Asker: 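Submitted below is the structure of interest, expressed as structure tokens.
In the text below, chain A, chain B and the rest are named by the order of the sequence lines, each starting its count at 1. The structure displayed is predicted, hence computed values, not measured ones.
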Amino acid sequence: MKTQTTFQNFDLNKIPEDLYIPKDAFKLTLESFSGPMDLLLYLIHKKDVDILDINVAEITDQYVSYIDLMESLQIEIASDYLVMAATLAFIKSRMLLPTHEEDDVEDDPRSELIKRLQEYEKFKIASENIANLPRVDRDFFTASAALPKFSKNHKNSFIKNVDFAEIFSDINSRPKFDKSHKIEFLELSTEDRVRKILEFLKKRNIVEFYKLFKKDEGKQGVVVSMLASLELAKEKKIEIIQNEDSNHFYIKSKKSLNG
Amino acid sequence: MDNLINCVEAILLSAGRPIKISEIRELIRLMDQQAELADIKKAIIDLDKRFTDSTLQIVEVASGYRLQIKNEYSRLLLPMWQDNSSKTSKALMETLTIIAYKQPITRGEIESIRGVSVSTQIIRNLTERNWIKVSGYKDVPGRPALYKTTKEFLDDFQLKSIEDLPEITDSKSITDLELNFG
Amino acid sequence: MDNLINCVEAILLSAGRPIKISEIRELIRLMDQQAELADIKKAIIDLDKRFTDSTLQIVEVASGYRLQIKNEYSRLLLPMWQDNSSKTSKALMETLTIIAYKQPITRGEIESIRGVSVSTQIIRNLTERNWIKVSGYKDVPGRPALYKTTKEFLDDFQLKSIEDLPEITDSKSITDLELNFG
């Protein structure tokens with residue numbers, strides 16, 4: 001922990017050479033923050049100050065430095081980090097304004113942030129406690145044994161017709177949200193998708209939403225199709241329908257389109 | 001029936017999951033036999049005694065009684081099961097924790113506590129592990145799903161009920177100090 | 001080591017699949033202990049004797065030794081596995097389907113097709129139902145187990161051979177939807 005003061009004066013464009021924590025290890029630390037609140041708490045505790053005594057100006061500068069550092073280490077920064085940076089900058093600017101004696105505690109521009117930090121820290125500590133509870137297949141193991149032989153007639157009665165092909169295509173049709181689809185060259189355009197949806201609706205009146213994109217288009221395909229659908233709905237060219245009991249929704253062309 | 005202890009053992013061994021006393025009674029009834037809940041409970045205790053010199057033990061968790069290997073053998077068994085399925089990220093654990101203590105809760109509410117968006121992957125991962133489930137939809141615009149933890153979550157963390165979760169405390173630094181704005 | 005019988009018991013009880021003597025030796029070696037194959041074999045025989053009055057027995061199959069519940073308990077246990085509306089979960093059927101079509105396949109590969117982790121519970125459940133088995137180990141770092149379906153799987157689902165599985169036709173796959181944005 002002591003060495004970390006070194007980090008505060010680093011050149012924003014590169015990691016200082018006297019930094020004796022290896023670059024990779026440092027990157028790992030930065031990546032291990034679960035979000036902007038986690039990073040902020042880290043910065044506060046690092047200074048060994050109480051949350052209630054935050055010096056917003058100082059913390060803001062450090063926070064922004066860390067974000068810059070993440071950027072230079074090419075860590076993908078969630079927009080939430082930037083939102084927090086803006087919040088801090090806003091509080092900092094408010095703090096710089098002259099205060100009046102009669103201002104009470106409620107007016108402290110930091111109070112909202114402090115409340116959120118306290119609430120978050122409570123759960124952060126609790127989650128560390130839960131992570132340390134004994135867990136199945138990590139700290140303890142369940143016991144079981146293979147089933148005895150069941151007679152054939154008994155067994156056949158309980159396996160219904162299973163459509164394996166349907167199960168398989170169902171798995172395949174699911175977009176893989178966990179894969180990072182780095183589609184470098186394939187830039188999907190909403191405009192293009194709008195055109196294609198209209199073309200398709202000429203042949204068929206109604207289509208399930210998931211058929212509007214292809215598996216290999218990944219998340220981007222889903223997003224572009226969604227944007228295109230919303231655009232068309234806004235222009236009143238299509239209707240978006242969802243049955244109450246279903247996760248699927250459908251794109252239906254409005255009559256004017258066909259008639 | 002004199003064989004009750006063995007019946008309980010066979011049921012617990014074949015299930016590989018926690019079993020309720022009432023489930024055991026029902027299986028025995030289907031054999032045209034009778035057993036009172038109290039008898040079954042006693043058989044469970046006797047069975048656990050029989051395991052004294054073996055590697056087995058009976059543990060009660062949220063969904064019932066389960067056979068486990070005694071903890072002293074965990075180190076021996078770990079290499080067999082070491083895989084990614086037991087690994088969890090900090091973000092996943094935070095999300096799970098907030099759901100556990102604040103259930104039922106929407107994704108948006110979790111996000112506002114964590115200050116970061118909760119990825120679909122985390123929700124899917126928690127759902128797939130059967131640690132959380134949708135318990136309903138909040139009556140606000142958009143009708144967002146409300147999440148709560150499951151019995152299986154308690155089982156996997158060897159807990160009997162949600163009250164057994166570690167108590168949630170305000171961090172020392174927060175409670176001990178007066179509001180002191182400089 | 002005097003504790004060898006218990007180590008063997010713990011391994012077989014937690015594995016949920018047949019285990020080779022050499023695997024047992026390896027697990028014991030990882031604990032910085034030594035055991036000869038002959039000693040392990042003897043421990044297995046001793047353990048089986050210990051099970052005389054219990055519901056368990058050790059069965060040797062092609063891929064090793066496994067613990068099985070004695071056949072006299074099949075009538076007691078059948079209803080538990082017959083009522084599979086809830087227990088044959090979607091996740092379980094999906095995993096089985098992927099193994100059926102893509103065998104031999106590792107757990108990691110199943111996970112990447114499903115997009116979510118495959119719980120140990122599911123693999124164990126499928127193995128205990130005798131629907132899948134380990135057919136070998138993939139020659140990549142970590143040497144993960146390769147799973148394939150068994151003859152019993154074919155029997156239970158009334159398939160004569162694996163070729164009888166319904167063909168995955170192109171019309172059913174997403175890559176070939178009518179809406180083919182070129």
Asker: In the structure I gave you, are the side-chain heavy atoms of C/Ser14 and A/Thr142 within less than 4.5 Å of one another anywhere?
Answerer: no
Asker: For C/Lys70, look at atom NZ and say whether over 12 heavy atoms of other residues, nucleotides or ligands are found less than 6.0 Å away.
Answerer: yes
Asker: So does A/Lys149 get a backbone contact from the side chain of C/Asn71, meaning a donor-acceptor N/O pair under 3.5 Å?
Answerer: yes
Asker: Are more than 12 heavy atoms, taken from residues, nucleotides or ligands other than C/Glu36, located less than 6.0 Å from that residue's CD atom?
Answerer: no
Asker: Do the non-hydrogen side-chain atoms of A/Pro148 and C/Leu77 ever get within less than 4.5 Å of each other?
Answerer: yes
Asker: Measure the spacing between CD of C/Glu94 and CD1 of A/Ile171 and express it to the nearest 0.5 Å.
Answerer: 4.5 Å
Asker: Answer with side chain, backbone, both or neither: which region of C/Arg124 has an atom nearer than 4.5 Å to a non-hydrogen atom of chain A?
Answerer: side chain
Asker: Measure across C/Pro166 and A/Asp163 and return the closest heavy-atom pair with its distance rounded to 0.1 Å.
Answerer: CG-OD1, 4.2 Å
Asker: Is chain C contacted by the side chain of A/Phe164, its backbone, both, or neither, given a heavy-atom distance below 4.5 Å?
Answerer: both
Asker: Within a 6.0 Å radius of atom CD on A/Glu191, are there more than 12 heavy atoms belonging to other residues, nucleotides or ligands?
Answerer: no
Asker: Distance from A/Ser144 atom OG to C/Leu12 atom CG, nearest 0.5 Å?
Answerer: 11.0 Å
Asker: Give the C-alpha distance, both sets of side-chain angles, the deciding distance and a yes or no for side chain to side chain contact (heavy atoms under 4.5 Å, CB included) between A/Leu147 and C/Asn130.
Answerer: CA-CA 8 Å; A/Leu147 300 178; C/Asn130 243 331; over 6 Å; no
